[in-house]
Amino acid sequence: MDVTTLIPKPDTIPAPAWLFELLGIVTLTIHLLFVNVVLGGSIVMLVNRFMGNDSKSSLHNPSIKKIPPTIALAVNFGVAPLLFVQVIYGHLIYSSSVLMGVYWLMVIPVLIIAYYSAYIHARRYNSQTLSKIALITSIAIMLYIAYIFTNNMTLMLHPEQWQEYFKNADGTILNNVDATVLPRYLHFVAASIAIGGLFFSIVWKFKKEAEEKDRNDNVTKGLKIFAIGTAVQIVVGLWFLMALPRDIMLGFMGGNMMATVILMLGILSGVGALVTAFTKKLMPTIYMTLITVATMVISRANLRTLYLKDIFSTGSLELNPQYGVMALFLITFAVGLGIVFYMIKLAKSSEAGRKA
């Protein structure tokens with residue numbers, strides 16, 4: 001069967017494709033940072049709690065109440081990159097979403113449960129059993145959502161697997177036969193743990209009322225977790241690279257110069273972050289990490305392009321200019337960002353006022 005016959009005709013786009021790709025990369029980078037903080041921070045928090053580290057000077061203590069609002073930020077910043085992907089690759093991602101519709105539609109209701117579970121953990125922290133169950137529930141759901149997103153974002157790249165619909169029309173098709181799904185998923189989880197550790201270091205670094213010894217000890221602990229998570233991420237990343245189809249893997253190894261340069265920059269900045277973390281240098285670690293996350297998001301876009309090169313190109317999309325609508329959207333988007341950061345500033349001021 002000619003699998004290209006399964007691919008719907010793409011819609012027209014209201015502005016050049018590169019604009020949506022750029023906006024998608026920027027917003028996805030921000031979204032992933034928040035998601036990594038939430039998932040990785042929660043995992044580190046859970047491990048700490050089961051190890052009995054529940055004192056006020058424990059690594060996770062100052063961040064307990066920061067996780068729920070960070071989930072809200074992650075969700076809000078996650079809407080934009082998903083929309084930008086749908087604008088350009090809608091005919092592909094809508095198809096894969098329908099094929100795994102049962103799991104995909106479950107994301108929203110279980111996300112709400114995860115959100116409230118995080119609040120229960122923060123609000124009922126002193127209730128050992130209840131708070132731990134709530135935290136475990138929140139983590140399990142976030143891991144589920146990450147796995148479903150990994151499946152969808154890979155299934156959309158494999159129209160040949162859409163033929164499974166003729167054997168299973170129940171909306172329960174997953175992309176588990178793809179050798180890249182597991183390393184891609186674990187690469188994200190390892191990155192989350194690393195960013196979670198780094199987040200705790202940042203919180204302690206700017207915790208003014210903390211004793212200097214507690215501050216320094218916890219900054220070091222957070223950096224150590226970041227370094228371990230990053231080391232695991234590098235190993236899993238190599239596994240991910242080797243699991244790619246040969247022609248695509250070679251694209252990242254010199255076959256496509258832009259993809260190769262971006263990937264190498266991401267690897268070098270990741271190794272640089274590993275070195276600065278082991279040498280207990282927080283700010284350089286933060287800078288290196290931001291570069292790493294941004295380059296990995298770009299590599300993710302390059303990977304999608306390489307996968308689809310024989311069946312779809314953004315250059316083939318029909319442009320139906322609607323620049324007035326795009327201008328209104330960008331203005332609204334900018335205002336929305338301003339409001340979000342203003343709300344964060346108000347929240348920080350309120351928290352500082354309560355501590356005073």
Side-chain angles (χ1 to χ4, degrees), residues 29-78 110-111 113-125 131-147 149 185-207 210 214-215 217-233 273 277 282 285-286 289-290 292-293 296 344 347-348 351:
T29 300
I30 298 172
H31 168 66
L32 286 179
L33 287 171
F34 283 126
V35 170
N36 288 164
V37 166
V38 170
L39 176 58
S42 297
I43 292 173
V44 174
M45 199 177 294
L46 182 65
V47 172
N48 256 11
R49 295 205 63 187
F50 274 104
M51 290 177 64
N53 299 327
D54 268 340
S55 66
K56 289 186 177 180
S57 61
S58 65
L59 175 65
H60 67 270
N61 190 275
S63 304
I64 295 168
K65 294 184 178 180
K66 298 183 188 299
I67 295 299
T70 306
I71 293 177
L73 290 170
V75 171
N76 278 279
F77 276 101
V110 299
L111 176 59
I113 296 172
Y115 186 43
Y116 279 102
S117 296
Y119 264 108
I120 291 171
H121 173 258
R123 298 285 183 174
R124 297 290 184 266
Y125 185 78
S131 62
K132 286 180 180 177
I133 290 175
L135 184 58
I136 291 171
T137 301
S138 184
I139 292 171
I141 290 173
M142 287 187 283
L143 289 172
Y144 165 80
I145 293 172
Y147 187 70
F149 264 85
Y185 175 67
L186 294 178
H187 189 260
F188 166 77
V189 174
S192 294
I193 293 172
I195 298 295
L198 183 60
F199 174 70
F200 290 149
S201 288
I202 294 171
V203 171
W204 271 100
K205 179 67 175 180
F206 296 99
K207 186 175 170 57
D214 288 339
R215 181 187 298 112
D217 286 349
N218 282 301
V219 168
T220 300
K221 287 179 184 176
L223 287 173
K224 183 177 180 181
I225 292 171
F226 171 83
I228 294 172
T230 301
V232 173
Q233 185 188 9
L282 179 60
T285 301
I286 294 173
T289 300
L290 292 175
T292 302
V293 174
M296 289 304 167
I344 294 173
K348 290 178 65 178
E351 182 180 357

For this session: Considering non-hydrogen atoms only, spot the tightest contact between I71 and A114 and give its length.
Result: CD1-O, 4.4 Å
Exercise. Can you find a heavy atom in the side chain of L282 that is under 4.5 Å from one in the side chain of W204?
Worked result: no
Exercise. Does K221 make a cation-pi contact with F200 (under 6.0 Å, within 45 degrees of the axis)?
Worked result: no
Exercise. Hey, does H121 have a side-chain heavy atom less than 4.5 Å from the side chain of S138?
Worked result: no
Exercise. Where is the tightest heavy-atom contact between F199 and K66, given as atom of each residue plus distance?
Worked result: CZ-CD, 4.1 Å
Problem set entry | Atom NZ of K65 with >12 non-hydrogen neighbours under 6.0 angstrom | no
Seminar exercise, completed: Rounding to 0.5 Å, atoms CG (N61) and CE (M45) come to a distance of 9.0 Å
For this session: Enter the distance from K132:NZ to T137:OG1 here, rounded to the nearest 0.5 Å.
Result: 14.0 Å
Exercise. Just wondering, do D214 and K207 contact through their side chains at under 4.5 Å, heavy atoms?
Worked result: no
Exercise. In Å and rounded to the nearest 0.5 Å, what is the OG to CG distance from S58 to N218?
Worked result: 7.0 Å
Exercise. Mind checking whether L59 and D217 have side chains closer than 4.5 Å, heavy atoms only?
Worked result: no
Exercise. At what distance, to the nearest 0.5 angstrom, does CG of L111 lie from CE of M142?
Worked result: 9.5 Å
For this session: For R49, enumerate each residue passing the salt bridge (charged side-chain N to carboxylate O under 4.0 Å, His left out) test, keeping only those at least two apart in sequence or located in another chain.
Result: D54
Exercise. When you look at OH of Y125, are more than 12 heavy atoms from neighbouring residues, nucleotides or ligands closer to it than 6.0 Å?
Worked result: yes
For this session: Carefully, step by step, assess L135 and I120 under the rule side chain to side chain contact (heavy atoms under 4.5 Å, CB included).
Result: CA-CA 8 Å; L135 184 58; I120 291 171; over 6 Å; no
Exercise. If we only count heavy atoms from C-beta on, is the I67 to I64 side-chain gap below 4.5 Å?
Worked result: no
For this session: Answer whether the closest heavy-atom distance between the side chains of L33 and L290 falls below 4.5 Å.
Result: yes
Problem set entry | From CD1 (I202) to OG1 (T285), nearest 0.5 Å | 9.5 Å
Problem set entry | Sole residue of N48, I139, I225 in side chain to side chain contact (heavy atoms under 4.5 Å, CB included) with I43 | I139
For this session: Please round to the nearest 0.5 Å and tell me the distance separating atom OG of S42 and atom CD1 of I193.
Result: 11.0 Å
Problem set entry | R215 atom CZ: more than 12 heavy-atom contacts under 6.0 Å | yes
Problem set entry | Any donor-acceptor pair under 3.5 Å from Y185 side chain to L143 backbone | yes
Problem set entry | Side chain to side chain, T289 and F226, heavy atoms closer than 4.5 Å | yes
Exercise. Would a 4.5 Å heavy-atom cut-off, applied to side chains only, mark L39 and F188 as touching?
Worked result: yes
Seminar exercise, completed: Between A227 and A277, the two heavy atoms sitting closest are CB-CB, 4.0 Å
